[in-house]
Amino acid sequence: MGTKPSNLTYSVNEKTPLWIASFMGFQHVCIIAIAFILPVVVVREIGGTISQATNLVAVSMIAGGIGVIVQAFSRGPIGSGYLCPQVCGPSFLTASILAVKTGGLSLLFGMTAVAGVFEALFSRLINRLRFLFPAEVVGLIVAMVGITVIRLAVTNFLGLGSEDRITEPVEVCVAFFTLSLIVGLNIWSKGNLKLFCVLIGLIGGYASSYAAGILTHSHFTELANRPLLAFPFAGHPGWSFDIHLLIPFVVATICSSLKSVGDLTTCQKINDVEWKRPDMQNIGKGILADAAGCISAGVLGGFGQSTSSSNIGLSIATGVTSRVVAFSTGIILIVLAFFPRLSAVFAIMPRPVMGALLIFALSFMIIAGFQIIMSRMIDSRKTFVVGISIIFGLSVDIIPGVFTNLHHPWIQPLFSSSLSVATLTAVILNLIFRIGIAKRATLEITPGSDSSDATFNFMERQGGLWGARKEVIYNAMSAMNELIEAATACHLTKDVIKMEACFDEYNLDINVHYRGDLLEFPTRHPDKLAFRTDPNVAAKLGGYLVRQYADSLTAEKNGDQCHIFMHFDH
């Protein structure tokens with residue numbers, strides 16, 4: 001899984017003590033619980049009963065538990081091997097409401113299962129579609145995943161809801177106290193206090209909410225009235241299918257899968273200090289695990305599942321990404337589904353506390369997205385891909401109802417959130433702007449001319465067009481400069497030096513051709529004595545530096561033609 005970053009306490013392959021895994025799992029469940037509002041919204045749309053809503057949430061917990069456990073599998077055809085929990089996916093909300101209004105819960109369950117099957121098929125194709133997801137597109141998706149939830153986070157932070165449009169000062173105080181406690185422990189504490197900053201903040205948030213009167217005795221009475229044990233599968237209505245709803249659910253699944261690409265890429269990056277590019281084969285296995293959670297939700301009677309960006313943000317914040325935590329999270333979710341009195345603790349979570357948790361987790365997620373974008377060189381094409389996509393994506397939230405005139409049910413999910421609009425825009429613009437980008441480019445240098453600026457401008461321009469990693473381009477640029485300067489200073493050629501750069505996502509190759517004498521490329525640095533006695537020491541030093549910059553190098557001379565091949569891993 002790569003080299004462990006220094007900011008991680010427990011990386012993906014490390015085993016945590018059981019008690020740490022349990023408490024970390026509980027913290028993840030606290031974040032997951034925020035999304036339980038979505039199945040409740042769906043049931044309310046059809047005037048359903050509290051029992052129906054409770055069962056839908058409970059089964060969704062079981063499906064999410066299955067999903068997070070399967071996702072943590074590190075061997076076999078399914079599972080990315082990362083701690084990447086699932087939640088009730090916002091991408092499925094519009095399609096799910098359409099389903100329950102058309103055919104009730106049975107149609108919702110049937111179409112959710114079909115969506116999971118489609119996602120499983122999509123996971124098998126993702127590796128062939130890697131050209132659609134360069135670093136700037138993946139980074140944009142990761143950032144927009146966090147940005148999309150800002151409205152939900154801030155409205156809850158201010159204590160606002162669908163029926164509560166007034167912010168009370170006491171709610172803001174509780175929210176600031178909770179957020180300050182979590183952030184303060186994360187920044188200034190060490191050891192267990194930092195590991196469990198969210199759990200401690202949650203306890204502090206509940207306590208301050210009770211002291212401020214936000215949590216009252218009626219809430220605890222509601223907890224006490226819940227049954228201690230329940231079987232959430234009772235009264236399952238069965239499954240039905242409507243071909244007219246196939247496109248809305250397919251669109252929702254694609255949006256969810258693209259979000260998973262960003263989430264799993266973030267998991268890869270935060271667990272490997274030497275991360276270079278998304279491992280699409282691993283992402284395909286991760287999306288298949290995501291599909292398993294979605295299929296489980298449809299079959300058992302729950303809400304569509306999707307990977308959780310907020311939970312990945314929690315992993316970054318606490319420095320714990322061990323897959324052992326994934327298993328504890330899954331087990332806790334499944335157990336709580338059968339104990340309504342325990343799971344109801346999350347149902348009464350005060351809005352200010354919920355908002356504080358979201359803001360804390362999203363901060364890390366948004367920054368992670370921008371870091372992925374900036375891991376590649378940015379030119380005007382990529383500037384427009386990222387900039388235009390963010391602008392159109394945010395228009396959904398900044399100008400509510402801007403896309404309400406799109407009446408076709410199959411297209412509405414694409415424009416229902418800033419994430420889906422930004423992702424769709426980025427993918428389309430990336431395909432359009434790829435037109436005219438050559439994978440090969442040639443630079444000709446005349447000995448004695450000012451080669452440094454020409455080489456710099458050439459590689460800077462091509463690196464931006466290709467979206468190459470900065471350090472690789474700079475290594476190639478340095479090697480080319482050293483070679484040209486050595487060949488010129490030692491009068492190895494009077495002819496034009498021709499350099500051809502060839503790029504793909506994994507390799508950068510520089511082919512150099514000129515007439516004259518071949519430059520030496522020693523494997524060892526010239527010693528001090530050579531600088532006083534060897535007239536060719538400058539050429540040897542230049543050749544040594546070129547070899548150090550390149551990952552591999554070969555050189556040969558045929559007649560008066562010199563050929564030098566430099567390879568750089570990308």
Side-chain angles (χ1 to χ4, degrees), residues 22-23 25-62 64-65 87-88 152 155-179 181-182 198-235 301-303 332-358:
S22 300
F23 279 107
F26 188 77
Q27 285 191 130
H28 279 282
V29 171
C30 294
I31 299 294
I32 292 171
I34 296 172
F36 293 156
I37 187 63
L38 298 182
V40 175
V41 169
V42 170
V43 172
R44 287 177 179 174
E45 286 292 322
I46 57 172
T49 64
I50 296 178
S51 176
Q52 287 177 318
T54 302
N55 287 343
L56 186 58
V57 170
V59 176
S60 299
M61 294 172 71
I62 295 173
V87 296
C88 298
L152 177 64
T155 52
N156 279 282
F157 188 86
L158 298 176
L160 302 176
S162 57
E163 299 176 357
D164 182 4
R165 307 308 302 170
I166 300 177
T167 299
E168 301 291 342
V170 68
E171 293 176 321
V172 177
C173 291
V174 169
F176 270 109
F177 171 77
T178 305
L179 182 60
L181 182 58
I182 299 173
V198 170
L199 184 57
I200 296 171
L202 186 71
I203 294 172
Y206 271 80
S208 59
S209 296
Y210 181 73
I214 299 174
L215 278 181
T216 63
H217 289 290
S218 62
H219 291 99
F220 295 102
T221 301
E222 183 180 345
L223 287 180
N225 291 335
R226 295 286 182 95
L228 181 62
L229 183 67
F231 191 69
F233 308 111
F303 191 89
I332 292 172
L333 277 172
I334 293 172
V335 169
L336 287 178
F338 294 92
F339 292 90
R341 193 172 296 177
L342 295 176
S343 59
V345 172
F346 301 107
I348 65 169
M349 183 184 297
R351 290 186 181 275
V353 177
M354 187 183 300
L357 293 180
L358 280 174

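Sequence positions, counted from 1, serve as the residue numbers for this chain.
The environment of L229 atom CG is dense: over 12 non-hydrogen atoms of other residues, nucleotides or ligands sit within 6.0 angstrom. Heavy atoms from other residues, nucleotides or ligands lying under 6.0 Å from CZ of F338 number more than 12.
Between the R341 side chain and the R226 main chain, a donor and an acceptor come within less than 3.5 Å of each other.
Contact record, V345 with I348: O-CG1, 3.3 Å, taken as the closest heavy-atom pair. Between P39 and V57, the shortest heavy-atom contact is CG-CG2, 3.9 Å. Looking at every heavy atom in both residues, T167 comes nearest to V172 through CG2-CG2, 3.4 Å. The shortest heavy-atom contact between H217 and Y210 is CE1-OH, 3.3 Å. Taking each heavy atom of F177 and G204 in turn, the nearest pair found is CE2-O, 3.6 Å. In terms of heavy-atom proximity, G25 sits nearest to I332 at C-CD1, 3.9 Å.
With rounding to the nearest 0.5 angstrom, the CE atom of M354 is 12.0 Å from the OG1 atom of T178. Distance check, rounded to the nearest 0.5 Å: CG of L336 to CD1 of I62 gives 10.5 Å. How far CG of L357 is from CD1 of I31: 4.5 Å, rounded to the nearest 0.5 Å. One finds the OG atom of S209 at 4.5 Å from the CD1 atom of I214 (value rounded to the nearest 0.5 Å). Taking CD of E222 as the reference point, atom OG1 of T216 lies at 9.5 Å (rounded to 0.5 Å). To the nearest 0.5 Å, atoms CD1 (I182) and CD (Q27) are separated by 8.5 Å.
Considering only heavy atoms from C-beta on, I166 comes within 4.5 Å of E168 through its side chain. Annotation: side chain of F157 is in contact with side chain of L179 (closest heavy-atom distance under 4.5 Å).
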Legend entry - ring pair (Phe, Tyr, Trp, His ring centres under 6.0 Å) between F303 and F36, intermediate numbers included: CA-CA 9 Å; F303 191 89; F36 293 156; over 10 Å; no

Inset, instruction - Verify side-chain contact (heavy atoms from CB on, under 4.5 Å) between E171 and F176, making sure each step is shown before the conclusion. - result: CA-CA 9 Å; E171 293 176 321; F176 270 109; over 6 Å; no

